[in-house]
Amino acid sequence: MKPWLPLLLLLLLGQAGAAGDDVVVIGNSGLPKTDKITLQRLYTGRIVSIGQQTVMPVNLPAGSPVRDDFLQMVMDQNEEQYTGYWLVRRYVGKGSPPKELGSVDEVVKHVIATPGAVGYVPVSKVPPGTNVIYRR
Amino acid sequence: MQKRLLNTALLTLLAAMAMPAQAVDLTWSGFGTFGYARSDQSFNYQRFIDNGGTVKRDTVVGAQVDARFSQEWSATVQAKAAPSDHSDSQWQASVAWAFLSWRPNDDWLIRAGKIRLPLMLNTENSDVGATYDMARLPLEVYSIAPTTDVVGVSISKTWLGDSFDLVAEAYTGETSTYWRYYGRDRTIDNANSPGSWFLPIDMKSSGLVLTARSLENTFRVGYHEGEASRPGEKTGAGFEYLNPPGLYRLLPGGVDKLRVPILTLGASVMLPADFRLTSEYAKAKIESASRGLSRWGAYVALMKRMGAWTPYVYYAKTKSTDGALGLYQQINANAGAVPAPLRSSQTLMADLTSPYDQSTVALGTSFWVTSKSVIKAELSQVRTGIASSFVDAPAGSDSGNRHINIFSLSYSFSF
């Protein structure tokens with residue numbers, strides 16, 4: 001057996017695992033299920049509520065692969081487009097982008113503990129009993 | 001007024017601090033443009049651009065802090081440093097924005113404090129070069145409103161649609177600003193040398209703006225009603241021709257305030273193959289002695305995004321009313337007919353009419369280094385018709401029938 005084969009196998013499995021780990025959107029308990037259009041509006045600051053409940057979305061930092069997946073899957077945008085959108089919106093005085101948390105674990109903890117909080121995480125990181133409000 | 005603005009900023013912060021005690025989410029951001037522009041003419045265009053080159057036309061740095069107290073309440077303060085709006089030789093640090101925002105639900109947004117007005121498509125973000133592709137927003141259109149900021153209140157209502165969001169924004173407020181004048185042979189105070197001076201003006205302004213916006217397309221129409229007055233003085237008196245001695249002079253008297261109605265229209269649409277077409281139009285009417293301030297301006301720009309590059313071309317034009325340009329021509333012609341010692345008094349009267357008749361063709365490109373920083377380069381040619389008050393005409397001459405070639409290079413960033 002070639003010595004590099006296990007390493008290649010590991011890399012391929014890793015890639016397959018990442019590709020299969022869909023991003024889902026979680027919300028604090030009590031928030032209703034929602035749809036892609038609503039999330040697009042929420043993460044672009046055009047709405048501040050879901051189903052009459054005030055919500056506060058959080059983001060992962062730019063460069064996070066999970067954020068990239070979320071932007072692609074839900075926002076139909078890439079990082080450049082999303083950052084560019086908020087750059088203009090901030091400087092026309094219509095608000096600032098969602099607060100950024102440093103890691104997936106922080107997002108999970110924040111969303112579970114904060115009324116109205118909404119965030120996105122890989123499906124594999126969703127603790128049992130968490131309120132998943134959107135999945136593809 | 002600076003004191004009042006400072007108070008507004010402080011009040012905004014104090015009001016913000018008086019919000020229900022919650023974790024405040026503070027976000028700092030900064031922006032800037034370092035711009036160089038050079039023309040092929042020895043006289044100044046747009047206050048600063050000549051054949052010696054300048055960094056004063058486009059350079060600006062600023063910082064903004066957004067404080068979010070909850071999803072409903074937030075406050076924003078923006079400060080900037082740029083060439084002064086009331087001196088051609090000084091720089092000025094100022095509070096550009098300072099307002100408190102209340103967003104009770106998805107549809108309503110109420111802002112109070114120092115706000116920038118939704119005049120043209122990029123008026124609100126005009127200081128932040130990293131938010132648009134053109135090296136310089138077409139002055140023919142973006143200079144028409146006498147002021148872009150007020151201390152007041154803005155209320156906007158949004159109707160969310162499947163493809164477009166419709167936003168209606170009403171505002172009212174007041175501010176103190178300056179109108180710049182340039183006398184090619186003499187100023188209002190100094191009969192012996194040419195130069196600029198800045199007339200202090202108090203402005204009240206109210207307006208209603210409708211914007212339809214999708215992620216790719218924007219349409220905007222606005223009507224703005226301004227009221228201009230000079231602190232402690234009357235304004236708006238016209239000119240009279242005294243014969244003998246055959247001279248124009250300013251009429252004494254005038255009115256306490258001038259009505260300034262402004263109409264604005266704008267559209268920016270995405271076309272196939274990543275082309276974007278943007279066009280804006282504005283028209284203002286100001287019945288002052290400076291009749292040339294009653295003018296229209298328009299431009300059409302075509303740009304195409306090609307990876308990091310966005311080349312563009314635009315054509316812009318502005319023109320004062322025929323009556324204003326006719327008056328300028330009469331007085332200017334009279335300057336050539338009177339004895340030499342009296343000539344400067346007549347060119348001063350002509351310059352006071354503030355005539356505008358010029359067009360610009362520009363070819364440029366932006367290169368996006370990152371999504372928050374951009375390098376821009378532009379070549380433009382300005383052609384003046386009867387006259388243009390954007391040109392500081394050389395002594396003994398005038399601003400009509402000039403061709404000015406301008407090269408601009410800038411780097412804009414935000415963080």
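Just so it is clear, the model here is predicted, and its values are computed rather than measured. By convention in this document, chain letters (A, B, ...) are assigned in the order of the sequence lines, proteins followed by strands, and residues within each chain are numbered from 1.
Only the backbone of N105(B) comes within less than 4.5 Å of a heavy atom of chain A; no side-chain atom from C-beta onward does. For R90(A), the parts lying under 4.5 angstrom from a heavy atom of chain B are both the backbone and the side chain. For a residue to count as touching a neighbouring chain, one of its non-hydrogen atoms must lie under 4.5 Å from one of that chain's; by this rule L215(B) touches chain A with the side chain only. Of the two parts of Q77(A), only the side chain, counted from C-beta on, holds a non-hydrogen atom closer than 4.5 Å to a non-hydrogen atom of chain B. For Q71(B), the parts lying under 4.5 angstrom from a heavy atom of chain A are both the backbone and the side chain. Both the backbone and the side chain of S29(B) come within less than 4.5 Å of a heavy atom of chain A. Proximity to chain B is limited to the side chain of T54(A), based on heavy atoms less than 4.5 angstrom apart. At a 4.5 Å heavy-atom cutoff, the contact between F31(B) and chain A is made by backbone and side-chain atoms alike.
The neighbour count for E106(A) CD, taken as heavy atoms of other residues, nucleotides or ligands under 6.0 Å away, is above 12.
A salt bridge is absent between R213(B) and E169(B): the closest approach of a Lys/Arg side-chain nitrogen to an acidic carboxylate oxygen does not fall below 4.0 angstrom. In summary, D22(A) and R136(A) engage in a salt bridge, as defined by a charged side-chain N under 4.0 Å from a carboxylate O. Taking 4.0 Å as the cut-off between side-chain N and carboxylate O, D274(B) and K304(B) do not count as a salt-bridged pair. Salt bridge status for E80(A) with R305(B): present, with a side-chain N to carboxylate O gap under 4.0 Å.
Heavy-atom pairs under 4.5 Å with chain B were tallied for A62(A), G95(A), G93(A); the largest tally goes to G93(A). Between chain A and the options V167(B), D162(B), D165(B), T158(B), heavy-atom pairs under 4.5 Å are most frequent for D165(B).
At a cut-off of 3.5 Å, with distance as the only test, no side-chain donor of S205(B) or H224(B) sits close to an acceptor on the other residue. A donor-acceptor contact under 3.5 angstrom links the side chains of S268(B) and R276(B), judged on distance only.
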Enumerate donor-acceptor pairs with a distance under 3.5 Å from any side-chain N or O in residues 368-375 of chain B to protein atoms, sequence neighbours excluded.
{"unit_1": "W368(B)", "atom_1": "NE1", "unit_2": "D133(B)", "atom_2": "OD1", "d": "2.8"}
{"unit_1": "W368(B)", "atom_1": "NE1", "unit_2": "S366(B)", "atom_2": "OG", "d": "3.3"}
{"unit_1": "T370(B)", "atom_1": "OG1", "unit_2": "K372(B)", "atom_2": "N", "d": "3.0"}
{"unit_1": "T370(B)", "atom_1": "OG1", "unit_2": "S373(B)", "atom_2": "N", "d": "3.2"}
{"unit_1": "T370(B)", "atom_1": "OG1", "unit_2": "S373(B)", "atom_2": "OG", "d": "3.0"}
{"unit_1": "S373(B)", "atom_1": "OG", "unit_2": "T370(B)", "atom_2": "N", "d": "3.4"}

Working for side-chain contact (heavy atoms from CB on, under 4.5 Å), residues R116(B) and Q78(B):
CA-CA 11 Å; R116(B) 182 151 291 181; Q78(B) 185 187 95; 5.5 Å; no

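Using non-hydrogen atoms only and a strict 4.5 Å limit, the part of residues 44-51 of chain A facing chain B consists of G45(A), R46(A), I47(A), V48(A), S49(A).
Taking the six-membered ring where the residue is Trp, W102(B) and W73(B) present parallel rings, their angle staying beneath 30° rather than reaching 60°.
With Y312(B) as the aromatic partner, K376(B) does not meet the cation-pi criteria of under 6.0 angstrom to the ring centre and within 45 degrees of the ring axis.
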